[in-house]
Amino acid sequence: MLEDVTRPALEGIGFADFRGIMGSFASGISVVTTLDDDDRPHGLTCSAVCSVSADPPLLLSCVKTPSSTLDTLRKRGRFAVNFLDSQAREVSDLFASRSQDKFTGVQWRPGQAAGMPVLDRTLAHAECEVHDVINAGDHAIVLGRMVGGGADASRFPLGYWRGSYVRLFRMTAAARG
């Protein structure tokens with residue numbers, strides 16, 4: 001049996017150290033999209049996305065608050081996660097900006113399962129219903145139950161590492177050795 005010991009709280013680290021540590025973990029880049037009640041598209045760039053569960057099929061996206069896209073997503077109850085391909089740096093920059101016209105000049109189509117915006121410059125997308133939203137510091141963790149999606153195995157992902165974009169590639173068997 002574990003002994004119940006009260007320990008003093010540890011102090012947190014500074015912002016620069018936090019960014020340095022977490023920035024050392026390479027991540028993919030995605031754009032989270034949704035539609036408002038008037039079917040106008042909304043979206044934002046998100047690098048904090050991961051799988052949560054295969055049964056039921058859940059993923060999570062972490063969204064900085066406040067966010068009008070997050071507000072719309074909560075209200076609509078549906079969203080898509082568009083995993084950007086290696087040629088989509090400009091798309092990532094656009095959806096990370098404060099531009100009000102992010103979808104102008106960006107090709108997209110309604111997803112087959114939930115009707116949420118699926119961008120053309122993706123290597124995969126997941127259409128989701130909101131399973132839960134959890135407030136966590138200056139972000140909200142959006143848990144989505146996947147109801148549809150698809151993947152294009154011929155494309156490679158756009159990544160982010162230590163404050164810069166990177167292109168990820170598959171290593172050959174000899175290089176893995």
Side-chain angles (χ1 to χ4, degrees), residues 22-23 25-36 38-54 56-64 67-133 139-171:
M22 296 311 299
F25 182 68
S27 64
I29 304 289
S30 68
V31 172
V32 175
T33 58
T34 190
L35 296 171
D36 65 20
D38 295 322
D39 288 333
R40 287 183 304 235
H42 296 260
L44 54 82
T45 297
C46 181
S47 61
V49 175
C50 70
S51 63
V52 174
S53 168
L58 300 175
L59 61 72
L60 70 76
S61 296
C62 297
V63 178
K64 186 168 176 43
S67 165
S68 61
T69 298
L70 177 62
D71 295 341
T72 303
L73 183 154
R74 285 183 200 238
K75 186 174 181 183
R76 187 68 181 248
R78 295 179 180 171
F79 64 101
V81 178
N82 296 270
F83 298 94
L84 298 183
D85 75 14
S86 63
Q87 304 300 313
R89 180 179 179 165
E90 294 79 19
V91 174
S92 174
D93 288 341
L94 174 64
F95 281 89
S97 76
R98 296 186 182 271
S99 171
Q100 297 299 313
D101 298 319
K102 294 178 182 177
F103 284 85
T104 301
V106 175
Q107 298 296 315
W108 66 276
R109 66 189 182 286
Q112 292 181 345
M116 295 297 103
V118 175
L119 305 177
D120 281 357
R121 296 302 323 174
T122 62
L123 62 108
H125 71 280
E127 293 184 80
C128 301
E129 288 186 345
V130 174
H131 180 76
D132 200 359
V133 179
H139 278 67
I141 302 168
V142 179
L143 289 167
R145 185 176 63 81
M146 293 173 58
V147 296
D152 180 344
S154 69
R155 294 184 179 189
F156 288 89
L158 180 65
Y160 199 71
W161 178 68
R162 294 190 173 162
S164 298
Y165 289 108
V166 294
R167 290 187 176 149
L168 304 178
F169 59 92
R170 182 172 287 123
M171 293 175 64

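- Residues meeting the salt bridge (charged side-chain N to carboxylate O under 4.0 Å, His left out) test with Asp36, sequence neighbours left out: Arg40.
- Residues forming a side chain to side chain donor-acceptor pair (under 3.5 Å) with Arg74 (at least two apart in sequence, or on another chain): Asn135.
- Contacts classified as side-chain hydrogen bond (donor to acceptor under 3.5 Å, both in side chains) and involving residues 95-105 (residues at least two apart or in different chains) are not found.
- Side-chain atoms of Val142 and Leu60, non-hydrogen and from C-beta on, never get closer than 4.5 Å to each other.
- Going from atom CZ of Arg76 over to atom CG of Leu35 covers 5.5 Å, rounded to the nearest 0.5 Å.
- To the nearest 0.5 Å, the span separating CZ on Arg167 from CZ on Arg89 amounts to 8.5 Å.
- Among Val32, Leu119, Leu123, the single residue meeting the side chain to side chain contact (heavy atoms under 4.5 Å, CB included) criterion with Asn82 is Leu119.
- Put simply, OH on Tyr160 and OG on Ser27 are 8.5 Å apart, with the number rounded to the nearest 0.5 Å.
- Note that CG of Leu73 and OG1 of Thr34 are 5.0 Å apart. Values are rounded to the nearest 0.5 Å.
- A heavy-atom distance below 4.5 Å is not found between the side chains of Val118 and Pro110.
- Side chains of Val63 and His139 form no contact here, defined as non-hydrogen atoms less than 4.5 Å apart.
- Looking only at side-chain heavy atoms (C-beta outward), Val106 and Leu94 come within less than 4.5 Å of each other.
- In this structure, Lys64 has no side chain to side chain donor-acceptor pair (under 3.5 Å) partners at least two apart in sequence or on a different chain.
- Listed by chain and number, the residues in a side chain to side chain contact (heavy atoms under 4.5 Å, CB included) with Val147 are Ala113, Ala114, Glu127, Glu129, Arg145 (sequence neighbours excluded).
- Between Val81 and Ser61, the shortest heavy-atom distance links the atoms CG2-OG, 3.7 Å.
- With sequence neighbours left out, Arg162 forms a side chain to side chain donor-acceptor pair (under 3.5 Å) with Ser24.
- Each side-chain hydrogen bond (donor to acceptor under 3.5 Å, both in side chains) pair with one or both residues in residues 115-125, not counting sequence neighbours, appears once here: Asp85-Arg121.
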Gln87/Arg155 under side-chain contact (heavy atoms from CB on, under 4.5 Å): CA gap, chis, key distance, verdict: CA-CA 9 Å; Gln87 304 300 313; Arg155 294 184 179 189; over 6 Å; no

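- Applying the ring pair (Phe, Tyr, Trp, His ring centres under 6.0 Å) rule to pairs touching residues 99-118 yields Phe95-Phe103, Phe103-Trp108, sequence neighbours excluded.
- Note that the NE2 atom of His42 and the OG atom of Ser68 stand 6.5 Å from one another [nearest 0.5 Å].
- A heavy-atom distance below 4.5 Å is not found between the side chains of Leu58 and Met146.
- Separation of atoms CD1 (Ile141) and SG (Cys62) is listed at 5.0 Å; rounding is to 0.5 Å.
- Legend: residues meeting salt bridge (charged side-chain N to carboxylate O under 4.0 Å, His left out) with Asp71, ordered by chain and number and at least two apart, are absent.
- The side chain to side chain donor-acceptor pair (under 3.5 Å) test applied to Ser154 returns Asp152, not counting sequence neighbours.
- Legend: residues meeting ring pair (Phe, Tyr, Trp, His ring centres under 6.0 Å) with Phe156, ordered by chain and number and at least two apart, are absent.
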Which pairs of donor and acceptor atoms, one on a side chain in residues 43-50, lie under 3.5 Å apart (sequence neighbours left out)?
unit_1: Thr45; atom_1: OG1; unit_2: Ser92; atom_2: O; d: 2.7
unit_1: Thr45; atom_1: OG1; unit_2: Ala96; atom_2: N; d: 3.1

